[in-house]
Student: 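For reference, the structure I am asking about is given below.
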Amino acid sequence: MKRPFLLASCVLLGLASSGCGSGGPAPDPGFQTEDAESVDLDNLRIRVSGQAQVLPEAARLFTALGQPVPSLGGMPILVEEPLRVAVNDVNATFGTGVLQEDGAFAVTEVPVREVHQGLAVGLGGPGFVRTVTVVYDSVFTGARPRTDVIESSAWALPESFHDALGTAMGEPLLRGHTEDRAHTLRDAGFALGRVVDENGQPRAGVRVVPDRSELTERIYYPTADLNGVNQVGTSADGLFLYVHTAGDAETFRLGVEGEEAYVARNVAVAPGWGLVLTLYPGLHPPASR
């Protein structure tokens, strides 16, 4: 995609004032920066490192079924710009790598001059649904990254857990939200997240709210046993699910109802994949996630 078209997309998607192409001197959010090296602002290339794991709720499902949790060793990863991924920008990928056996990753020389909404780690492979986990969100500072992104977490979503979420929702709901264009969450496009407290523990009984009221009806809370969904609030695992239309890319912000400590986060969704994010209080993710 040509850059002018992307900038036009930023305006159309309401990102003109939310860090779309902006740059400022503020420090990076989302992680402690004391141990991160500053970068050459004229070059703007950083290192993105952290740990990838199977989504904890999915891992528990495998354990409950007496099955081993799938290994992520050797899975390819992408360092991507979520908005660019959503609008099918051919330049959405800023770097690539491979997960180590323990899920650790480090991608160097990531150019961030063209970051608009944030940075994410893309995962996918046999047996897994394509996911994009947000590791840097420009909503905190309105700026692109200025230091390395370190100690980040990325979540892999097994197809079996994706299917269990779809079953919990039920195909009629999925078809209704997509005007019969999709009958799976992947086909529709979705955002899957969890709300945690300052210690990284899931929060039950909270609601997440978009900054566009017409999107509220698309937010669901899976029950802890995945026997269904509701629109009342999170269960003990803190999970929430946003169902896209299976149509054009969409972006909005998502916060926690009635709790100002939780900064509203950028969300970008489009058919074929899922955005994964964690909502936590303050500017830095808790040590336990």
Student: Which atoms form the tightest heavy-atom contact between Val87 and Ala249, and what is the distance?
Tutor: CG1-CB, 4.1 Å
Student: Nearest 0.5 Å please: distance from the CG atom of Leu83 over to the CD atom of Glu114.
Tutor: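 Between Leu83 CG and Glu114 CD, I get 12.0 Å after rounding to 0.5 Å.
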Student: Using atom types as modelled and distance alone, determine if a side-chain donor or acceptor of Asn266 lies under 3.5 Å from a backbone N or O of Asp137.
Tutor: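 No; zero donor-acceptor contacts below 3.5 Å.
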Student: List the residues meeting salt bridge (Lys or Arg N to Asp or Glu O under 4.0 Å) with Arg130, not counting sequence neighbours, and say none if there are none.
Tutor: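 Once residues adjacent in sequence are excluded, the partners of Arg130 under the salt bridge (Lys or Arg N to Asp or Glu O under 4.0 Å) criterion are Glu80.
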Student: Quick one: list whatever passes side-chain hydrogen bond (donor to acceptor under 3.5 Å, both in side chains) with Glu171, sequence neighbours left out.
Tutor: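 Listed in chain order: Arg175.
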Student: Would you say Asn199's side chain and Gln201's backbone share a donor-acceptor pair under 3.5 angstrom?
Tutor: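 Here the side-chain-to-backbone pair does not exist.
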Student: For residues 62-78, dump all side-chain donor-acceptor pairs below 3.5 Å to protein atoms at least two apart in sequence or in another chain.
Tutor:
unit_1	atom_1	unit_2	atom_2	d
Thr63	OG1	Ala59	O	3.1
Ser71	OG	Gly73	N	3.2

Student: For residues Trp155 and Gln53, determine if any side-chain heavy atom of one lies less than 4.5 Å from a side-chain heavy atom of the other.
Tutor: yes
Student: Is the side chain of Gln117 donor-acceptor paired with the backbone N or O of Arg84 at a distance under 3.5 Å, no angle test?
Tutor: no
Student: Heavy-atom distance under 4.5 Å between the side chains of Pro202 and Thr234, does that happen here?
Tutor: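 Answer no - side chains too far apart.
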Student: Side chains of Asp89 and Glu81, heavy atoms from C-beta outward: is any pair under 4.5 Å?
Tutor: no
Student: Strictly by modelled atom types, are Thr245 and Glu250 linked by a side-chain donor-acceptor pair under 3.5 Å?
Tutor: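 Side-chain D/A pair, Thr245 to Glu250: absent.
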Student: Determine yes or no for a side-chain-to-main-chain donor-acceptor pair under 3.5 angstrom, with Ser152 supplying the side chain and Ser49 the backbone.
Tutor: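 Checking the backbone N and O of Ser49 against the side chain of Ser152, a donor-acceptor pair under 3.5 Å is found.
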Student: Could you work out, with side-chain contact (heavy atoms from CB on, under 4.5 Å) as the rule, every residue matching Glu214, not counting sequence neighbours?
Tutor: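 Checked Glu214 against side-chain contact (heavy atoms from CB on, under 4.5 Å); matches are Arg212.
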Student: Is any side-chain heavy atom of Val129 less than 4.5 Å from a side-chain heavy atom of Phe161?
Tutor: no
Student: How far apart are the closest heavy atoms of Ala246 and Asp187, and which atoms are they?
Tutor: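 Scanning both residues, the minimum pair turns out to be CB-O, 3.8 Å.
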Student: Run the salt bridge (Lys or Arg N to Asp or Glu O under 4.0 Å) test against Glu179 and tell me which residues pass, sequence neighbours left out.
Tutor: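 For Glu179 the salt bridge (Lys or Arg N to Asp or Glu O under 4.0 Å) partners, ignoring immediate neighbours, are Arg181.
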Student: Which atom names give the shortest non-hydrogen contact between Gly282 and Val263, and what distance separates them?
Tutor: O-CG2, 4.2 Å
Student: Between atom CD1 of Ile46 and atom OH of Tyr136, what is the distance when rounded to the nearest 0.5 Å?
Tutor: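 Reported to 0.5 Å precision, the distance equals 8.5 Å.
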Student: By side-chain hydrogen bond (donor to acceptor under 3.5 Å, both in side chains), which residues pair with Glu259, not counting sequence neighbours?
Tutor: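 Per chain and number, Glu259 pairs via side-chain hydrogen bond (donor to acceptor under 3.5 Å, both in side chains) with Arg203.
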Student: Could you tell me whether the side chain of Thr223 and the main chain of Val229 form a donor-acceptor pair under 3.5 Å?
Tutor: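 Side chain of Thr223 to backbone of Val229: no pair is present.
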Student: Check Val139 against Ala264 and note the closest heavy-atom contact, atom names and distance.
Tutor: CG2-O, 3.3 Å
Student: Name all pairs fulfilling the ring-ring contact (aromatic ring centres under 6.0 Å, His included) condition that reach into residues 82-114, sequence neighbours left out, sorted by first residue then second.
Tutor: none
Student: At what distance, to the nearest 0.5 angstrom, does CG of Leu192 lie from CZ of Phe240?
Tutor: 7.5 Å
Student: So do the side chains of Pro271 and His244 get within less than 4.5 Å of each other, counting heavy atoms only?
Tutor: yes
Student: Quick one: does Arg194's side chain get under 4.5 Å of Leu277's, heavy atoms only?
Tutor: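 No, their side chains stay 4.5 Å or more apart.
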Student: Output every pair passing ring-ring contact (aromatic ring centres under 6.0 Å, His included) with a member in residues 213-238, not counting sequence neighbours, ordered by first then second residue.
Tutor: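 Of all non-adjacent pairs touching residues 213-238, those that pass ring-ring contact (aromatic ring centres under 6.0 Å, His included) are His177-Tyr220.
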Student: Are Val107 and Thr96 close enough, and set up right, to give a side chain to side chain contact (heavy atoms under 4.5 Å, CB included), and what steps lead you there?
Tutor: CA-CA 6 Å; Val107 180; Thr96 62; 5.9 Å; no
Student: For a quick test of reading the model, state the closest non-hydrogen atom pair linking Ala156 to Thr131 and the distance between them.
Tutor: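 Of all heavy-atom pairs spanning Ala156 and Thr131, the closest is CA-OG1, 4.5 Å.
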Student: Are Val209 and Tyr242 connected, step by step, through hydrophobic side chains (Ile, Leu, Val, Met, Phe, Trp, Tyr) whose heavy atoms are closer than 4.5 Å?
Tutor: no
Student: Please tell me whether Ile219 and Phe252 are part of a single hydrophobic cluster in this structure, the criterion being side-chain heavy atoms less than 4.5 Å apart.
Tutor: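 Yes; tracing contacts between hydrophobic side chains, which count when under 4.5 Å, links both residues.
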Student: Of all residues at least two apart in sequence or in a different chain, which pass the side-chain hydrogen bond (donor to acceptor under 3.5 Å, both in side chains) check with Ser235?
Tutor: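 side-chain hydrogen bond (donor to acceptor under 3.5 Å, both in side chains) list for Ser235, sorted by chain: Asp237.
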Student: Could you pull out all residues at least two apart from Glu260 that satisfy salt bridge (Lys or Arg N to Asp or Glu O under 4.0 Å)?
Tutor: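 Per chain and number, Glu260 pairs via salt bridge (Lys or Arg N to Asp or Glu O under 4.0 Å) with no residue.
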Student: Quick one: side-chain hydrogen bond (donor to acceptor under 3.5 Å, both in side chains) partners of Thr178, sequence neighbours excluded?
Tutor: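 None.
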Student: In Å and rounded to the nearest 0.5 Å, what is the CG to OG1 distance from Leu165 to Thr184?
Tutor: 11.5 Å
Student: Are Met169 and Leu226 linked, directly or through intermediate hydrophobic residues, by side-chain heavy-atom contacts shorter than 4.5 Å (ILVMFWY only)?
Tutor: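 Yes, Leu226 connects to Met169 through the hydrophobic network.
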Student: Please check: side-chain N/O of Asn230 versus main-chain N/O of Gly233, any donor-acceptor pairing under 3.5 Å?
Tutor: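 Present.
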Student: Could you check if a side-chain atom of Pro210 sits within less than 4.5 angstrom of a side-chain atom of Thr216, using non-hydrogen atoms only?
Tutor: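 Of all side-chain heavy-atom pairs linking Thr216 with Pro210, at least one is under 4.5 Å.
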Student: Given side chain to side chain contact (heavy atoms under 4.5 Å, CB included), test Leu279 with Val206 step by step and report yes or no.
Tutor: CA-CA 11 Å; Leu279 300 182; Val206 298; over 6 Å; no
Student: Taking the side chain as C-beta and beyond, is there a heavy-atom pair between His162 and Phe128 under 4.5 Å?
Tutor: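 Not in contact.
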Student: Would you list the pairs meeting salt bridge (Lys or Arg N to Asp or Glu O under 4.0 Å) in which at least one residue belongs to residues 215-227, sequence neighbours left out?
Tutor: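 Of all non-adjacent pairs touching residues 215-227, none passes salt bridge (Lys or Arg N to Asp or Glu O under 4.0 Å).
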Student: Which heavy atom of Tyr262 sits nearest a heavy atom of Val196, and at what distance?
Tutor: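 It is OH-O, 2.7 Å.
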